[in-house]
K.L.:
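Attaching a single structure in structure tokens format; questions to follow.
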There are 2 protein chains.
Amino acid sequence: MFGWKINFPNLCVRITQSYFVMNEKGNYCYEYPRPALTTDCVIFGFDGVEIKILLIERGTDPFKGKWALPGGFVNMDEDTEACARRELFEETGIKDLFIEQLYTFSDVNRDPRGRVVSVSYYALVKIADYEIQAGDDASKAKWFSMSDVPSLAFDHDRILRVAFQRLKSKIRYQPVGFELLNEQFTMRELQSLYEAILEVQLDRRNFYKKIMKMEILIPTQEKEANTPHRAGRYYRFDREKYQELSNKGFNFEL
Amino acid sequence: MFGWKINFPNLCVRITQSYFVMNEKGNYCYEYPRPALTTDCVIFGFDGVEIKILLIERGTDPFKGKWALPGGFVNMDEDTEACARRELFEETGIKDLFIEQLYTFSDVNRDPRGRVVSVSYYALVKIADYEIQAGDDASKAKWFSMSDVPSLAFDHDRILRVAFQRLKSKIRYQPVGFELLNEQFTMRELQSLYEAILEVQLDRRNFYKKIMKMEILIPTQEKEANTPHRAGRYYRFDREKYQELSNKGFNFEL
DNA sequence: ATTCAATGTGTAAAAAATACGCAAAGATGT
DNA sequence: ACATCTTTGCGTATTTTTTACACATTGAAT
């Protein structure tokens, strides 16, 4: 319905009340000025010890050479979430991941190129699945520890701060942590994840009892390999069971 | 830096990488199509019994005659929050209120006029301050009970649902309820507010003890008037004390 | 066999949430 | 003056949840 390429200069395409004129250069013309719309994505991973985020080194100005969040301009035939997923895939090869809208940043001067409004998302990925792809293609993507993030392009420092804050509060009352772990994980990994995000120490035994009482973990028969000690059992998150319990009024909380 | 009115036809104004051309009709022209950007605002009030929301009757198509959330297009020199506040003031006379970003709605077909992305906000107002203004000016603004909201224009039904959900979860761990009450309020009013939003019944005595233990309420010497029984004491929310406690790690929770 | 962390269960103490009881206050109407 | 009605403020017993830590056992690797 919108954005057809029409090659008559100054043809006015009327769509109810909003319309654009296309001039001889093929530009899109509107009666009132419009901000450009982009999405940016904060991608969190977990390496077993620390929370990491994926950044892209900018190849063009502005901020050429600086690290930035993956993102780009919204197309006319996609909503912002689709845009975030597309950009993510194009820039890092990551797809099919947990993604959720974070906040829309709209400061008038947040982009030196002009008025650009960014709808930001945060995503949780199983870092092992993407470690390789991220590093090898043309775009310079790299995982950084949260404690080791360089100063970022645009207002991306701020976006990152907001995202981490959100992750921190989200993980306490929604079972999103599992998105950061492999399909199978040990109790110790799960606990370490919570400790890394919440920045606290937890008692192993109480943690175990609390999480087991929820009945949302399926113990598998498999165990860790190559440990110098007794191998930990692998568990998997039971999404269906969680949905079921959730519908009955159960609230995940840790 | 952006959006200067320049009267030479087809003059290209280059701002780093983003630019617009102004054609002979005074239109704003861009190399790529852009969605229009609006804000919409869900305004909550509390009349002592029920949660209410403020709606505007649309005077023009599309959805002429339907009720909708107050909102409008974002100007180039204001961020989205400023836009939401401005539109709110223009359409309802309300200013200086609690406002917070809710979510950005970007479905490709959410507006029949074309591609329009809406950054939505929700606001909490002391209903008594605005009851009169809302009804009297040209725009037809009206308070509706949550239980009695008509079908709304655009995707505003959905926005409203999301907003109420947010209010419900927000009020449990942030002291935002006070924004809905007068500067002074009785214990009963505060409790009724929580009961209305959370849709539960609370024990008066436990509620009293819990809220008093937080030490964020200042009891005044004033009391209700014209009650057929013992008048309730007025309290006020101690913002500074809350800030102070909050910095020390105190978490409001009810 | 030794080492070392994981496993799984138990339990006691502390803290928080829940459910009521009750006497007194005080504003209004009769 | 009295009856009515709801707030006020404190008390308290019970249940539930959280927290802290003990302990015996398992099992992979060297």
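In what follows, chains carry the letters A, B, and so on, assigned in the order in which the sequence lines appear, proteins first and then strands, with residues in each chain numbered from 1.
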K.L.:
Provide, to the nearest angstrom, the distance between the CZ atom belonging to Phe207(B) and the P atom belonging to dT7(D).
P.N.:
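Interatomic distance, CZ of Phe207(B) to P of dT7(D): 13 Å.
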K.L.:
Measure the distance from CG on Leu254(B) to P on dA17(C) and round it to the nearest whole Å.
P.N.:
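Nearest whole value for this atom pair: 9 Å.
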K.L.:
So which heavy atom on Ala141(B) is nearest to which on Glu91(B), and how close?
P.N.:
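In terms of heavy atoms, the two residues are closest at CB-O, 4.5 Å.
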K.L.:
Arg204(B) CZ to dT18(C) P: how many Å, rounded?
P.N.:
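Checked: the CZ to P distance equals 17 Å.
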K.L.:
Kindly say if Lys223(B) contacts the phosphate of dG26(C), meaning a side-chain N or O under 4.0 Å from OP1 or OP2.
P.N.:
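Looking at the OP1 and OP2 atoms of dG26(C), one of them is under 4.0 Å from a side-chain N or O of Lys223(B).
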K.L.:
Among dA27(C), dA20(D), dA28(D), which is the nearest nucleotide to the side chain of Lys209(A)?
P.N.:
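For the Lys209(A) side chain, the nearest candidate turns out to be dA20(D).
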K.L.:
Got Val117(A) and Thr38(A) here, is their nearest side-chain heavy-atom distance under 4.5 Å?
P.N.:
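Answer no - side chains too far apart.
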K.L.:
Between dC5(D), dA20(D), dA28(D), which one does the side chain of His229(B) approach most closely?
P.N.:
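The answer is dC5(D), which lies nearest to the side chain.
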K.L.:
Confirm from the modelled atom types if Asn226(A) and dA28(D) form a donor-acceptor pair under 3.5 Å, side chain to base only.
P.N.:
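Check fails, no donor-acceptor contact within cut-off.
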K.L.:
Looking only at side-chain atoms of Asn206(A), point me to the closest of dC21(D), dC20(C), dG9(D).
P.N.:
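Given the options dC21(D), dC20(C), dG9(D), the side chain of Asn206(A) is closest to dC21(D).
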K.L.:
Which part of the nucleic acid does Tyr234(B) contact within heavy-atom distance under 4.0 Å: base, sugar-phosphate only, or nothing?
P.N.:
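Here Tyr234(B) touches no strand at all.
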K.L.:
Once hydrogens and angles are ignored, does a donor-acceptor distance under 3.5 Å link the base of dG8(C) to the side chain of Arg205(A)?
P.N.:
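Absent.
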K.L.:
Just compare dT8(D), dT18(C), dG8(C) and give me whichever is closest to any side-chain atom of Met187(B).
P.N.:
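Minimum distance to the Met187(B) side chain belongs to dT8(D).
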K.L.:
Distance criterion of 3.5 Å, no angle test: do you see the side chain of Arg230(B) paired donor-to-acceptor with the base of dT6(D)?
P.N.:
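By the distance-only test, no, there is no pair.
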K.L.:
For the residue pair Glu50(B) / Ser147(B), report whether a side-chain donor-acceptor contact shorter than 3.5 Å exists.
P.N.:
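Glu50(B) and Ser147(B) do have a side-chain donor-acceptor pair below 3.5 Å.
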K.L.:
Of the nucleotides dC5(D), dA27(C), dG11(D), which one has an atom closest to the side chain of Thr227(B)?
P.N.:
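For Thr227(B), the side-chain atoms sit closest to dA27(C).
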K.L.:
Please give me the minimum heavy-atom distance between Arg166(B) and Tyr122(B), naming the atom from each residue.
P.N.:
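Here Arg166(B) and Tyr122(B) meet closest at CG-CE2, 3.8 Å.
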K.L.:
Given the structure, check if the side chain of Lys213(A) and the base of dT9(C) hold any donor-acceptor pair shorter than 3.5 Å.
P.N.:
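No.
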